[in-house]
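What follows is a set of notes on a single structure, which appears directly below.
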There are 2 protein chains.
Amino acid sequence: MPYHHGNLREALLEKATEAIEEDGIGALSLRAVARRAGVSHGAPAHHFSDKTDLLTALATRAMDRFRAALATGVREAGGSEREKLRAMGRAYVRFATEHPALFRIITSSEFIRRDDPEFAASYQSTFDMLKQAVSEAQREGWAQGVDAMALVILSWSTAHGLTTLWLDGALADGVGPFDLEAVAAHVFEVLTAV
Amino acid sequence: MPYHHGNLREALLEKATEAIEEDGIGALSLRAVARRAGVSHGAPAHHFSDKTDLLTALATRAMDRFRAALATGVREAGGSEREKLRAMGRAYVRFATEHPALFRIITSSEFIRRDDPEFAASYQSTFDMLKQAVSEAQREGWAQGVDAMALVILSWSTAHGLTTLWLDGALADGVGPFDLEAVAAHVFEVLTAV
DNA sequence: ATGCTATCTTTCCGATGTCAAGATTGAAGA
DNA sequence: TCTTCAATCTTGACATCGGAAAGATAGCAT
């Protein structure tokens, strides 16, 4: 057990991700992460000024994975531009159900600093993907005459709302249990039908 | 200063609401609430078994206020059933911006027990309002032939997604600053235009 | 080999949620 | 009226947390 860990920063991010996916974001403690990494509780301070700082770095990586997941969904969809947009929505929901804690972090403002340069850049890239997908679907004929920004907001809001309501269990409470992926696909059909 | 407070339970809920609206839900501590109420840190335990228990009781009241706000919005709208539904969406957004912390609590599953009987009942009442509004709008001619449940989920998700994205600052980051109420109204127009 | 700096450990502080034990009160029953 | 008793509140304790400070160690450049 060497005094120097080697690449503690990486290890901490990794262990923190594990801990979060196991016990949820609310239960995460810096000291527990340090324990997982086999290091004293004061060690993380040299790599992250703050608990929020660690989570922000973690969120930046999660956002990269999220964007990659969306891109993969779109790529596998092919077909029309509208179908690509729907595929993006389905990928949005799927990522969130597969990594609920990561999704929570990247969309929340309680645990991270959204104005952190690296996170903001990663976030912008993701948002640009959506803007472009919406723009091309509209060029293809979707929702002619509607303000483009409103369409972006509408698309993003629907996917996001559906996802977060599901994660919080609010939808099942109100409407009864259902297959999220199927309903999500259906909802996105309705949305892009015009 | 009498030994017995009189109605500590009420006072604690009130002070907790104050604290939450001032400093946010994440910063709330039971001991701070006790201090605000002028009582020792152990006192709350006799009225709430848990921090979660207090927050759940608080969320139940907040949910009642939320439902009342939605009802008021609808009542003032009048007009067609579709217009009522749109008014409900606008009231949804407005309540959330006026009481962000309360809104956060009632929609989250991290701070409260959603299966608490009283909360669940209050939540059901609110959800029923939405279901009815959607149902009547559809009977009036909106989105003929679309599955009713999908419409309910679509409406709720859009309002909820727009609201939470706004509260977390995610929309402004991606799209630039804008007037939420105006955009919300526009988005709901698009959604109910079919 | 020597010194320097980043890394890690240890120790300490105030604060939190929860529990247990004791003090106080008001009210019901004798 | 006196007594008992349950509900209410206080006090003290414990483990844990995030964060700061000070000391130990290791690797690297000179």
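The basis for the numbers below is simple: all heavy atoms, side chains too, and nothing from hydrogens, waters or symmetry mates. Here is how names work: the chains are called A, B, and so on, in the same order as the sequence lines, proteins then strands, and each is numbered from 1.
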Would you indicate which nucleotide in dG19(D), dT18(C), dT9(C) comes nearest to any side-chain atom of K51(A)? dG19(D)

Between C1' of dT8(D) and CG of L8(B), the distance in whole Å: 9 Å

Under 4.0 Å: is that the gap between some side-chain N or O of R31(A) and OP1 or OP2 of dT9(C)? no

Any chance you could lay out the side chain to side chain donor-acceptor pair (under 3.5 Å) test for T192(A) and R86(A), step after step, and finish with the verdict? CA-CA 8 Å; T192(A) 57; R86(A) 288 191 283 263; 2.7 Å; yes

Using whole Å, report how far NE2 of H46(B) lies from C1' of dA6(D). 11 Å

Length of the line joining D53(B):CG and dG17(C):C1', which is rounded to integer Å: 14 Å

Report the distance from atom CG of L54(B) to atom C1' of dT16(C), rounded to the nearest whole Å. 15 Å

Determine whether the aromatic ring centres of Y92(A) and F103(A) lie less than 6.0 Å apart. yes

Let me spell it out: for each of G42(B) and R35(A), pick the nucleotide of DNA chain D with the closest heavy atom. Which residue's pick is nearer the 5' end? G42(B)

Atom pair distance, as rounded to whole Å: CG in L12(A) and P in dG18(D): 13 Å

Does S40(A) place a side-chain N or O at less than 4.0 Å from the phosphate oxygens OP1/OP2 of dT10(C)? no

From CZ of F48(A) across to C1' of dG19(D) the rounded distance in Å is 16 Å

Pairwise side-chain contact, H46(B) with L8(B), heavy-atom cut-off 4.5 Å (strictly under): no

Minimum heavy-atom distance between V93(A) and T163(A), given as atom pair plus value: CG2-OG1, 3.7 Å

Residues, nucleotides or ligands: over 12 heavy atoms within 6.0 Å of E14(B) CD: no

H47(A) side-chain N/O to dC8(C) phosphate OP1/OP2 under 4.0 Å: yes

Nearest to the V39(A) side chain among dC8(C), dC17(D), dC9(D), which nucleotide is it? dC8(C)

From dT7(C), dT18(C), dG18(D), nucleotide with atom closest to L30(A) side chain: dG18(D)

Polar pair under 3.5 Å, donor/acceptor by atom type, side chain H41(A), base dT11(C): yes

